[in-house]
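Here is the structure we will look at, set down as structure tokens.
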Amino acid sequence: MCGITGWVAYRQDLGAERKVVDAMTETMSCRGPDARGTWYARHVALGHRRLAVIDLPGGEQPMTTEVVHEGRTITLGMVYSGEVYNYTELRDELRRRGHTFTTDSDTEVVLRAYVEWGTAFAERLNGMYALAIWDPRTETLVMVRDRMGIKPFFYYPTADGVLFGSEPKAILANPAVPAVVEAEGLRELLTVSKTPGKSLWAGMFEVEPGTVVTVDHAGIHRSTYWRLETRQHTDDQDTSVAHIRELLDDITRRQLVADVPRCVLLSGGLDSSAITALAAGQLAEEGKKVRSFAVDFVGQEENFQPTELRGTPDTPYVHDVADLVHSQHSDIVLDNAVLTDPEIRRKVVRANDAPLGGDIFNSLYLLFAAIREQSTVALSGESADEVFGGYLWFHDPEVRNRPMFPWIAYTLSRRQPGQVHALRKDVLRQLDLGGHLRERYAEAVREVERLDGESDDEWAMRKVCYLHLTRMVRILLDRKDRMSMAVGLEVRVPFCDHRLVEYVYNTPWSMKTFDGHEKSLLRAATSDVLPQSVVDRRKSPYPQTQDPAYVEALAGQVRELVADRHPVFELVDRENVDQAARSAEGAARRQLEQTLSLATWIDLYHPDIRLSL
């Protein structure tokens, strides 16, 4: 796992821009604390920061290889972030085709796969990755992102080429790129609906998941090598459950491969418990114990109040799993002082390059920082809810049948009386978030293919599943990646293996809920390795502190912003937020978090915010 960046300029010799390229590369130091490197050809510069996971001495980057082209030897260069889990099979196939290898790294396999198959090599990769290859045979930059969008990847077209990076901060480090945010970027930020290819920053784009982007003298070209497709599901229920278990066993085994300490993230829910149990069983075959980590909060037991979304605290279930599988378990217990620490908020906002924060972001960052002291790779249960249909709104006919993103419909249906947005009314009018959401929803559902003969109910649920797997999941994956890589921890997401996603997506909704509960297929596939308490447990989301002192601490910090007349109030409604800070009630929590995150972002990035339409 690493951080990558680069620059292609067809009208410049980039050897003269080493200071700028070094600055771009250094912004990725958190993603790659173990090593750094740069590589130059006349019109290209590649930068890399490495987190060593596989073949510690042999996987240094940028990596190059030589090929013969038109009678002369030329050098291809690559920077690569991520892991390809089927690299051993690919290496064997490439050896049969005449390739020789000088390292044991998956990086070299990826580069030689490109030499052998060209851009079609992407179809052969199983993993999470963002990579860029400079091919001097055609003076082309080839950028590739994994199918589900697990690893972030951004680019910024220029007058004579392109800038790219794992995160926007790498691109923004180039003086040619102004830190401008326009209305469209703010809409993307504020509506919890990640439009493929869009970015918060003006002029900047994402390489879309499952996409190859090539840059040459003629411009920028995009091609899709994978998308979520509708297919007929012919397996019966028992066969489907058995196949899902076979896939999970294979995925877990592949994703446990590393030359550094590994662990699992354990919340006590079905998803993380299943991965923990499968990993424990496989490591036991090697005579090893799995290491597990969970997050908790000081006073959570005393302060816990059940809600519609969160009926039970996590800790008892976490310990049930840890006891059953005999994991080496640690609870990471956080208090309000660290959760509300402005320095932690700055680190979180900096990691996101966006005004995203709050106790979920902060606690993830702190959890990952604590884990990083003992492990370098962690397996997570992230995305199982999107794959198997775990959220409450999947099972609420009124919400799921409304013509909008289901998670937003659910939130609106549960909005508390008197709850208001942190932003000023005139800003909200200019942004027209409702109109933006309607357009994005209509675009998304037009992508969904209906199966011949599919009933109206199954068709409705296919759309709901598609929206989660192509829109919502990318928000959560980005959050997990940014918070973990900010401390140099590689988090792997077994439930995002494209084979599993494709298979479960096409199972009928009636099969996904055959036992009358959420995630029926996952429960049936893994119940034999889980404690009964977890098998019976209702879906519970990532935990949040319920200590009233948390909101009181935020309120005090917001009152300071109000007194200082911070420029955040060019966007935020001063009167409403001041009132929320003075009441310090639980309903004000999101207003206060959003205001503090926005203020921190403005202080760090000094964005030029342009709202005129």
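The residues of the chain are indexed from 1 along the displayed sequence.
The main-chain N or O of G268 is never found under 3.5 Å from a side-chain atom of D314 such that the two would form a donor-acceptor pair. No donor-acceptor pair under 3.5 Å is formed between the side chain of R231 and the backbone N or O of L451. Looking at R147, its side chain never comes within 3.5 Å of a backbone N or O of G210 through a donor-acceptor pair.
Inter-residue side-chain proximity for L364 and Y542 is flagged as met; some heavy-atom pair is nearer than 4.5 Å. F394 is not listed as a side-chain neighbour of P406, based on a closest heavy-atom distance of 4.5 Å or more. For the pair T119/V144, no side-chain contact is recorded, criterion being any heavy-atom separation below 4.5 Å from C-beta on.
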Note to self: Apply salt bridge (charged side-chain N to carboxylate O under 4.0 Å, His left out) to residues E454 and R462 and explain how you reach the verdict.
What the structure shows: CA-CA 10 Å; E454 195 165 46; R462 181 178 294 282; 2.7 Å; yes
Notebook entry, point to check: Yes or no on salt bridge (charged side-chain N to carboxylate O under 4.0 Å, His left out) for K194 and D478, after CA distance, side-chain angles and deciding distance?
Noted result: CA-CA 10 Å; K194 196 171 182 64; D478 191 70; 5.0 Å; no
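A donor atom on one side chain and an acceptor atom on the other are found under 3.5 Å apart for S240 and H233.
Ring-plane geometry between Y441 and F405 is classed as perpendicular, the angle between the planes exceeding 60 degrees on a 0 to 90 degree scale with a lower cut at 30.
At least one test fails for R145 against the ring of F153: distance under 6.0 Å to the centre or angle within 45° of the axis.
For E229, the CD atom sits in a packed shell: over 12 heavy atoms of surrounding residues, nucleotides or ligands are nearer than 6.0 Å.
If you look at H319 and H329, their ring centroids are closer than 6.0 Å.
With rounding to the nearest 0.5 Å, the separation of OG1 in T195 from CZ in R474 is 10.0 Å.
The existence of a salt bridge linking K151 and D146 is excluded, since no basic side-chain nitrogen approaches an acidic carboxylate oxygen closer than 4.0 Å. Salt-bridge formation is detected for the pair D250/R254: a Lys NZ or Arg NE/NH1/NH2 atom is positioned less than 4.0 Å from an Asp or Glu carboxylate oxygen.
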